[in-house]
Amino acid sequence: MSAIFSYVQDFFEKYLTIPDFYISDIVEIIVIAVLIYYVILWFRKSRAWALLKGILVIVVFMVIASLFHLTTLLWIINKTLSAGIIAIVIIFQPELRRALEELGKKNVVFKLLKVGNNIEDERLSDKSIEEIIRACLEMAKVKTGALIVIARDHDLSQYSETGIRIGAKISSQLLINIFEKNTPLHDGAVIVENDMVVSATCYLPLSDSVSLSKDLGTRHRAGLGISEVTDSIVIIVSEETGSISIARDAHLIRYADAAVLKSELLKAQAKVEVKPKKRFWKGRERNEKSDSED
């Protein structure tokens, strides 16, 4: 009997003991769980999900071959397994590139490391926003196609270099004249940065999104494409319907009016709200008011 109790005690001590648990272990579990969650989400949202299911079929086939001792198939699998990782990287290259670009768009680390950077002060002014809105509404009335890319944090020089350098202050007249039909500059995109029209007739990457409506043409696909790889805000005026669309963060807002357009453009300003200083001497504030009334 004592032997049985000794065996049971050894079993519990060996297999059912609670290991030492530290705060670092909890942090690691949380980090790994979050990473797995976002990797699964990334697979579900991309074309990699179908490819992953194909790979799972191959893995199941390998397990079956191992269970039934199919030596020839196992030999072939073992010989080709060394090149499997390289093959996966090649197969998933577009998806991996998009995932890294999406990670780079977050800019969490770089924003923490920024010191003394006054980029926010150089963003779109209120006057430039009004000029852009006025131009878009005027072009929408007469169904003039337009594609305007408004830069934010990401550098768009590789796209602006594909067009013709303008280097002029933003004005509604300038934008309308650029996109006027049958003019040399009307085809392509205009890139706007820091209250300046930088370039016109620029080429943009086309989106390969399958969710984009079939009634939308190349102009909308280009606007969505640049929003997928950068943090820019893109305004698209349809030449067929005269409707205004806004592309931002790989999402397309269709049939935008002046209010929605202004709301989205204000996000490009990235103004820092300056809070008024608290007054600790209420009596002094009252005295200042009385002095001003006098």
Side-chain angles (χ1 to χ4, degrees), residues 124 127-152 154 156-193 195-268:
L124 284 177
K127 184 178 184 300
S128 295
I129 290 178
E130 295 299 330
E131 293 292 329
I132 293 174
I133 295 174
R134 186 180 298 111
C136 292
L137 294 178
E138 290 295 329
M139 288 186 288
K141 288 180 183 179
V142 295
K143 295 184 179 180
T144 299
L147 183 58
I148 304 173
V149 182
I150 300 167
R152 299 178 73 187
H154 288 186
L156 301 182
S157 58
Q158 61 174 318
Y159 305 108
S160 62
E161 289 173 358
T162 63
I164 298 175
R165 182 77 179 176
I166 302 296
K169 279 282 187 180
I170 297 174
S171 68
S172 58
Q173 294 86 352
L174 175 61
L175 293 174
I176 292 172
N177 286 333
I178 288 176
F179 291 109
E180 187 66 31
K181 297 176 183 178
N182 301 322
T183 57
L185 301 179
H186 84 284
D187 193 17
V190 162
I191 294 181
V192 171
E193 185 176 0
D195 284 336
M196 299 287 290
V197 177
V198 179
S199 297
T201 68
C202 301
Y203 294 104
L204 304 180
L206 299 181
S207 172
D208 56 358
S209 174
V210 296
S211 61
L212 196 63
S213 177
K214 298 300 182 183
D215 61 341
L216 298 178
T218 307
R219 186 177 286 111
H220 289 81
R221 194 168 288 276
L224 186 62
I226 191 68
S227 73
E228 290 174 348
V229 297
T230 68
D231 63 347
S232 57
I233 296 176
V234 189
I235 305 172
I236 309 111
V237 181
S238 174
E239 189 173 354
E240 288 77 18
T241 63
S243 62
I244 300 175
S245 302
I246 302 170
R248 181 173 62 86
D249 297 332
H251 291 89
L252 189 66
I253 303 172
R254 300 187 63 183
Y255 306 109
D257 55 10
V260 175
L261 188 56
K262 185 172 184 178
S263 175
E264 292 297 325
L265 289 176
L266 287 175
K267 296 176 183 178

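Please read all numbers here as calculations on a predicted model, not as lab measurements. Keep in mind that the numbers below use all heavy atoms, side chains included, and drop hydrogens, waters and symmetry copies.
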Donor-acceptor contact below 3.5 Å, side chain Ser171 vs main chain Leu174: yes
Chi angles and distances behind the side-chain contact (heavy atoms from CB on, under 4.5 Å) call for Ile132, Leu261: CA-CA 9 Å; Ile132 293 174; Leu261 188 56; 5.6 Å; no
Option from Leu252, Ile233, Ile150 for which side-chain contact (heavy atoms from CB on, under 4.5 Å) with Ile246 holds: Ile233
Residue pair Leu224 / Ser207: nearest heavy atoms and the distance that separates them: CD2-OG, 3.7 Å
Derivation of the side-chain contact (heavy atoms from CB on, under 4.5 Å) call for Arg254 and Ser245: CA-CA 4 Å; Arg254 300 187 63 183; Ser245 302; 4.0 Å; yes
Heavy-atom closest contact (Glu180 atom, His186 atom, distance): O-CB, 3.1 Å
From Gln173 atom CD to Arg134 atom CZ, the distance as rounded to the nearest 0.5 Å: 7.5 Å
Atom pair CD1 (Ile191) and CD1 (Ile148), whose distance is rounded to the nearest 0.5 Å: 12.0 Å
N/O donor-acceptor pair under 3.5 Å between Thr162 side chain and Tyr203 backbone: yes
Closest heavy-atom pair and its distance - Ala151, Ser232: CA-CB, 4.4 Å
Side chains of Glu161 and Ser199 in contact at under 4.5 Å (non-hydrogen atoms): no
Smallest separation among heavy atoms of Val197 and Lys169, with atom names: CG2-O, 4.5 Å
Spatial distance of atom NE2 (His154) from atom CD (Glu193) [nearest 0.5 Å]: 12.5 Å
Passing option when Val192 is tested against Val149, Ile166, Val198, Ile170 for side-chain contact (heavy atoms from CB on, under 4.5 Å): Ile170
Nearest heavy atoms of Thr144 and Phe179, plus distance in Å: CG2-O, 3.0 Å
Check against side-chain contact (heavy atoms from CB on, under 4.5 Å), Asp215 and Thr241: CA-CA 11 Å; Asp215 61 341; Thr241 63; over 6 Å; no
Non-hydrogen atoms of Arg221 and Ser209 that approach each other most closely: NH1-O, 3.4 Å
Distance, nearest 0.5 Å, that separates CG of Leu206 from CD of Glu228: 10.0 Å
Working for side-chain contact (heavy atoms from CB on, under 4.5 Å), residues Leu185 and Thr201: CA-CA 6 Å; Leu185 301 179; Thr201 68; 3.8 Å; yes
Student check: side-chain heavy atoms of Leu266 and Ile129 closer than 4.5 Å: yes
Donor-acceptor contact below 3.5 Å, side chain Ser160 vs main chain Ser157: yes
Spatial distance of atom CG (Leu147) from atom SG (Cys202) [nearest 0.5 Å]: 9.5 Å
Check: Ser172/Glu131 side-chain N/O donor and acceptor closer than 3.5 Å: yes
From Ser243 atom OG to Asp257 atom CG, the distance as rounded to the nearest 0.5 Å: 12.0 Å
